[in-house]
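Beneath this line is the structure, given in structure tokens, with notes to follow.
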Amino acid sequence: MPAARTEAGREGGSSGPPSASSAGPGPAISIRGLVKRYGGVVALDGVDFQAARGTVHAVVGENGAGKSTLMKILAGAVRPDEGSIAVGGEVLEEQTPQSARERGIGIVYQELSLFPNRSVLANLFANRELVRNGLLSRRAMVERARPTLAEVGLDVDLDREVGFLPIGEQQLVELCRVLLSEPSVLILDEPNSALSEDETGRLFAVLRRLASAGITILYVSHRLEEVFAIADRITVLRNGREVLTADRAELTIREVVHAMIGQSEHELFPDRLPVSADAPPRVLSVRGLSIRRRLHDVSFEAHAGEIVGLAGIAGSGVSDVLGVLFGAVRPDAGDVSFPDGRGVPRSTTSAARRRISLVPADRRRQGLMLTRDVARNIAHVSAGALRSRSPWLARGELAAAANRQIRDLQIKAPSPWTQVHQLSGGNQQKIVIGKWLEIAPDVILLDDPARGVDVGAKSEIFRLVREVTAEGRIVLFHSTELPELLGLCDRLLVFYRGRLVSDTDATAFDSRSLLHAINTGEVPHTTERRAS
Amino acid sequence: MAHVEAQEQSKLSGRVRLGNLTSRIPEELGVFAALVILVTIIGVHNRSFVRPENLLDLIASNSFFGIIALATVFLLALGEIDLSVGWNFNFSAVIAGLAMVHGVNPWLAAGLGVLFGAGLGLVNGLLAVGLQLPVIIVTLGTYSMFQGLSLVVNKSAAVVPPDITGSFFTLANKRIFSLPYVGGVPFLAVVFVALAVVLHVLLHRTRFGYRVLAIGSNAEAARLAGIPLARTRVLVLVLVGTACGFAGSLYVGSFGSVDPASGGQFLLAVVAAVIIGGTPLSGGMGTVIGALIGVLIIATISSGIVFFGIDATWSTFVTGAVIIIAVSVDQAVKWQRRRNAERRASRTT
Amino acid sequence: MAHVEAQEQSKLSGRVRLGNLTSRIPEELGVFAALVILVTIIGVHNRSFVRPENLLDLIASNSFFGIIALATVFLLALGEIDLSVGWNFNFSAVIAGLAMVHGVNPWLAAGLGVLFGAGLGLVNGLLAVGLQLPVIIVTLGTYSMFQGLSLVVNKSAAVVPPDITGSFFTLANKRIFSLPYVGGVPFLAVVFVALAVVLHVLLHRTRFGYRVLAIGSNAEAARLAGIPLARTRVLVLVLVGTACGFAGSLYVGSFGSVDPASGGQFLLAVVAAVIIGGTPLSGGMGTVIGALIGVLIIATISSGIVFFGIDATWSTFVTGAVIIIAVSVDQAVKWQRRRNAERRASRTT
Amino acid sequence: GGVHASTPAARQAPEAKLTIGFVTHFVGNPFIRQVEQAARDAGKDLGVNVKIQGTAGFDPAAQLKMVQDLFASGADGVSTSITGDSMAVGLNKLIAEGKPIVEFNIFSTRVKAPYVGERSVVDWAILGRAVRAKMGGKSASGKVLIGTCAPGFPALVDRIKGVKRGLGSGLQIKGPFDVTGDPTKNFSAWQQLIAANPDAKALIGVCAQDLENLGKLNAQKGDRYITAGGDPTLGNLAAIAGGHGLISMGQTGYVQGYLPIKMIVDALRTKKALPKTGFIASGAEVITKSGVVEPYGLPKLSPAKIKAFQTNPKLQHAFYKPLFVGKPALFGRGALVNWRSRVEPIANASR
Ligand SMILES: Nc1ncnc2c1ncn2[C@@H]1O[C@H](COP(=O)(O)OP(=O)(O)OP(=O)(O)O)[C@@H](O)[C@H]1O
Ligand SMILES: Nc1ncnc2c1ncn2[C@@H]1O[C@H](COP(=O)(O)OP(=O)(O)OP(=O)(O)O)[C@@H](O)[C@H]1O
Ligand SMILES: [Mg+2]
Ligand SMILES: [Mg+2]
């Protein structure tokens, strides 16, 4: 509906983004000597690089390397201290989010920028609403959005408030929003960190189409296999410097990892450790768990010493199961018995006090106090939930605990008193894990714990998970990344539409059969072990 | 906080997924139910309360703080709150009145009052944006400034236009048309309800309204989306100011005078109406229709006190108790509706 | 909104990183500067204002709404607001007074008043948690309920204990110890300042305070971290209620009576003190010391009006204008300090 | 309160210019405004500074603080309305220190100072009788509604007592109902009262804004009701002039503002202490269509004259000044010169 669009353009005060065709000579990005300091921290330390038109240019690096800062600067959300950016040969001065949009630069922020209590539709067209004779045209917007939603594979109630969607669906909403703005330069900062395999597949199809249409795409991710699947060219950032840029064809994952973390790739998934003898055999058993219309008669057992993987896409019921076990969601039927002999926790508080822990999927909404410091975030459970003789909050203990986790999880934070929103996304994620590790939990529920964490730290986290498992704790692990499920877990529970459709040894699946299973509920009827 | 989850869920709002088309169960159902129950109870006790004429008079005589409440929804949707509305109303009315005293044509004077109110709103806006302060802090100051200046100009005497026989005054007190079974409808009531509809459309069907809600929902995201924060903020405060000025001019028209104390008590009633109506302080959400109903609930309660002939000593307590009951009814309906919504949603999936 | 970023930043400020050790530049510097400037200006105009004795009296006679403001910081830190504080204060004072009238020992009666205030706070808390409603809505109702019941029990007349010569009354009006150069320090002033220190420690150095701020920062995250939301919320409202009851009993002690109107005007002053002090409505932050200074600023302004001999006609306007100036000073200092902070931080690299 | 700074009256040199504080409630209320103006006039006439302070509503603690601050900042005497007994202890402390204090408009028996104000019960009985007469005198019957803006507030309770006394027996008297002090709410409160009691014959409000609103409603209803209220506000005068209101009781605010200043100044200059208690009636103003009957033998006022007072203070100064100058007399000129002779027992104020 061109009529509607031009209308929107005028109303918006911003002439709508130039579609790739009307953009004239396609904009290639060239960045020179970009420097960004935050107080003492140097986020970018003189970055240079070019991205050619019509290519997918991946930017990788460990947590805190400066990727997001670089992208935010390109999008005008952050002012650089030094350096220059040129898009399509034109050097940008005083870039603001608005001017960036007008230049056709579209971005999916790592930490999404959605309006939680606005509808999906309002989010898709934020500040670009389509107007018919003065009033917003809901119909026009729905029409306009439908093809994009279909292409990306997002099927939600357009009137549902975005704040209620799981993090994965939120990422898809933000993705659709930027696609609808028809950018000529598309920046994606870990756009699929919470997406399932086939959602990612659809995303890549879109990217290829756009690239072939001459759109420049900058793609940030920690999933190196995927990077190698989609990128034409790869740049590695390290401590705010560009340390490597080359065509994908000339690179191997090993080389990239080496450039990222300075050591060649060590094993991402640690081997299974022998369960310590003194740990008594303990079990978490779930019987006939049901939630009206969301979870149907789910039964399984999880034994100490094994990592139990929960596989399922959004809506499958996995987070519901985790929520129930943590006392955050009330089941309608079914009974659960924990190793401590008791049932479902009455509240999240009693869960925490029984050393039952849940690392939630959405760190910003469910895990962090962004405007408070690392120490207080680490103390979230220990000081906030646990009982204690002393009513006092001892600064010394706070700092000690924080430093312990900063060390163990390699959190890149200048001090325990740094505010969490000043940390990079991956480092924020580590804090959510750290605040639970701090209380030495007994039952550990992990909902996509390694989201946005770099390879080095990821293997470190998996090693820790392995260790605590071996110490005889119960571990349930959910991830949207199938390799993680297959690589880390000993046993796999597959959920589909609220039902448990398979409960077998992890080796019963390979990535293709697992992908098929979570999306269709059909499992390879094979119970005999396969050699892995 | 417990109510946070409640809010969370209430965000599930009335809309339920039916394939791709959506059926809207209005947010305002709860408060509306509360209102109906109140009116019924009083009507049963004393028929003359539910006489259409009386109900229309009730709406008309509460339209002054009511109009301000309607506009205040935008401010709460922005996550802000304006303490100065009552004295803005008073000051604007005084200015309009003085203009009439000095022989300005009442219609012009009324227009002047509206503009003046808008001007005071602009002052609030510029202070808030300029000093980068929340509106509540700024209006804490302008609250007293407007009151004080109004006192200075009205010399703390009632401002009484010499001739209140003109068309402006007659219209303000007129029943402009009459409906079957209902009888004459007061001009004020018509204006009030019409304004509610207009502001509802402005909030939910225009880009301006969307910007307000977006900012209230996530200011940082709004900035990144290129929404002009400062300008929108100022505009909303001007809108609220205009409503104050408008209500003020209407007041002069219908009362033919302004007392120095007029409007001084508005603040609490305005806030009450808006939040009882279902607009949270937290921003990002707002319902003008809810505010309209909130105003009527407050009006009905105070009127009910009279109709029940409740002794003056008890009236205050009863008022408070009934407010609690009303909001409880609202909550009850919300819960009920949420359950239904889920049931229907599940049937379609 | 523009100020949101400002708030964001001000949340960041305060602590400046120097390598790993942290040097604390108090948040409250700005308001403190504003206070000092005000006091100086008035003192220059009329020396007798800055006589220590007079300043101490100023603190003492503003300690009643002041004490309530201190506790209200906890509620705003939670992201909530209580409209009923003024009438809780009044009701508690009336109860304490009536107990004395009925021959209860004044000390016991005072204790009763405190407990009663806590009880009213508990009522607010249980209603808010039970109905899953924001505190502002609940207290909109209890505001009138407390006022109304108080009117009923005091029969709308002043409650006057027959014998106000007892130790309780003398202590409440006594200057308990005397300092060099300063002279006798009023009991009320001591209690007020001491309470500020206690509540400051409670908010920033205990697990309870930690929970309050955690819930205010991100309620959902707090819930999923196992922090007991409902209980903390109720406790905070009981704390505020206790403060109201405590202030009420002190009032009876020092005024030897309580009027139906006493405390009715507190709400705005309490909120003003807290937010001028630097505690935002948005929750997650709070400064008790700031509130203390906020109380003193308000006290100084109203007293300064008298010492400047500003006529009643202008006093209201001046009050508002000075508030605006005071908060501007605060902002100016904050900006300045932020700039220095950044400069120092970058120097350390 | 910190008061030692102010120079006690005794040491005050007669020729040094005195400063008198005047503390009111309801700043901005038209009636209060008239009282303030009178205090200013008194200041001019007597050659003293008058510092006027006030609170927005009813806030005894705040008013006490103002009195204390006034003395602390060098005032020689203060006149204040007593909006609550909370002021008593603090004021008595100042009085004990020899500070001259006079109560006006609202009093407390606990404050050891003289009071200038209305004779609530007796004066409002006049209004009651007038309404009764209009309703048919002896044979009168029917429903009378009484409204108050501050339920149970002592002064208003006395007024209502007086009204009922004046109305006498045989009538169906309902109320008092809370019609609130806020002008807008007040209107709809009366509107609803009428709707709820269509059969009422007379409507009486004991606060300033009642009659104005009653007049408007009465006009809408074809002047079906007998309405009465208090104070000579423009609105009330308009209502009466338009025939929508029967009668309004005034309390001669001018005397309540002027006399206390004079009393304090006299006391300071003659070094003769103020009485520790007692009541001086400011006098009733009976406002009807025919005009305003003023107390102390003052000439009758036309409504036009009263209007003129509001716009031009000089006129009202000229009108009332004679009461306070010249030879002491019982009526008219000089009637309040020898005010000490007019002091009655405080109990009379509410009798
Ligand atoms: N607002 C801020 N204030 C202070 N420091 C910041 C801020 N934002 C980022 N930083 C710092 O800049 C560095 C780079 O952060 P950035 O978010 O660019 O890393 P990243 O490469 O995106 O990491 P990740 O893979 O975890 O997302 C980090 O050390 C971070 O602590
Ligand atoms: N609070 C909520 N209220 C109503 N619907 C919700 C809410 N949260 C999520 N949903 C909807 O329920 C569906 C499933 O979301 P949910 O987060 O439960 O995924 P899940 O079943 O836990 O699967 P996953 O393992 O991927 O998290 C989503 O499509 C979402 O739209
Ligand atoms: Mg990042
Ligand atoms: Mg989920």
Side-chain angles (χ1 to χ4, degrees), chain A residues 7-8 11-14 72 75-78 96-102 107 109 111-123 125-132 134-138 142 146 149 155-164 174 177 181 292-294 315 328 365 421 497, chain B residues 2 5 7-25 77 79 201-229 231-232 280 282-286 339 341-349:
Chain A
E7 259 285 37
E11 288 282 318
S14 66
K72 287 181 194 158
V78 168
T96 69
Q98 188 56 18
S99 65
R101 281 155 59 90
E102 282 156 16
I107 179 169
Y109 290 99
E111 305 300 348
L112 307 184
S113 68
L114 294 169
F115 306 97
N117 40 25
R118 303 289 290 140
S119 71
V120 172
L121 194 64
N123 271 274
F125 290 88
N127 204 27
R128 296 178 181 283
E129 298 83 0
L130 301 187
V131 179
R132 289 268 175 82
L135 297 186
L136 297 185
S137 167
R138 185 186 143 71
V142 173
R146 189 164 281 137
L149 293 170
D155 172 29
V156 286
D157 172 6
L158 291 181
D159 294 311
R160 156 73 63 66
E161 284 164 37
V162 157
F164 284 122
E174 179 138 334
R177 177 168 82 181
S181 73
R292 283 227 317 301
R293 294 178 304 280
R294 293 185 65 171
R365 202 178 84 219
H421 72 92
R497 296 242 171 119
Chain B
E5 297 127 50
Q7 281 181 8
E8 278 293 322
Q9 293 168 3
S10 75
K11 287 186 200 159
L12 251 176
S13 89
R15 288 152 177 277
V16 296
R17 177 189 196 146
L18 298 170
N20 240 351
L21 60 101
T22 68
S23 87
R24 181 121 166 71
I25 305 177
V201 171
L202 181 63
L203 184 60
H204 295 294
R205 292 281 175 274
T206 70
R207 305 189 91 224
F208 174 71
Y210 266 48
R211 286 179 166 185
V212 171
L213 290 165
I215 293 173
S217 182
N218 181 350
E220 178 58 12
R223 191 179 67 83
L224 295 176
I227 295 175
L229 299 177
R231 205 180 75 212
T232 310
S282 45
M285 294 189 278
R339 202 164 307 109
E342 280 171 9
R343 191 166 304 122
R344 296 173 55 182
S346 66
R347 250 194 267 102
T348 61
T349 45

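Chain letters run A, B, ... following the sequence lines, proteins first, then strands; residues in each count from 1.
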### Query
When heavy-atom pairs shorter than 4.5 Å are enumerated against chain A, which of Asn218(B), Leu224(B), Ile227(B) gives the highest number?
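Winner by heavy-atom pair count: Leu224(B).
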### Query
If you count heavy-atom pairs under 4.5 Å between each of Ala225(B), Gly283(B), Gly284(B), Ala222(B) and chain A, which one has the most?
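Greatest number of close heavy-atom pairs with chain A: Ala225(B).
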### Query
So, does Arg118(A) use its side chain to make a donor-acceptor pair with the main chain of Ser217(B) at under 3.5 Å?
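Not a single qualifying donor-acceptor pair exists.
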### Task
Say whether, by atom type as modelled, one donor and one acceptor occur between the side chain of Thr206(B) and the main chain of Leu135(A) under 3.5 angstrom.
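It does not hold such a pair.
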### Query
What part of Leu112(A) lies closer than 4.5 angstrom to a heavy atom of chain B: side chain, backbone, both or neither?
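Contact with chain B: none, neither part.
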### Task
Tell me, for Tyr109(A) versus chain B, whether the close heavy atoms (under 4.5 Å) come from the side chain, the backbone, both or neither.
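The answer is the side chain of Tyr109(A).
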Got a second to check how far [X]'s [atom1] is from [Y]'s [atom2], nearest 0.5 Å?
{"X": "Arg223(B)", "Y": "Asn127(A)", "atom1": "CZ", "atom2": "CG", "result": "13.5 Å"}
{"X": "Met285(B)", "Y": "Glu161(A)", "atom1": "CE", "atom2": "CD", "result": "6.5 Å"}
{"X": "Arg211(B)", "Y": "Glu129(A)", "atom1": "CZ", "atom2": "CD", "result": "7.5 Å"}

### Task
Flag the one option from Asn123(A), Ile107(A), Leu114(A) with the top tally of heavy-atom pairs under 4.5 Å to chain B.
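Of the candidates given, the most pairs with chain B belong to Leu114(A).
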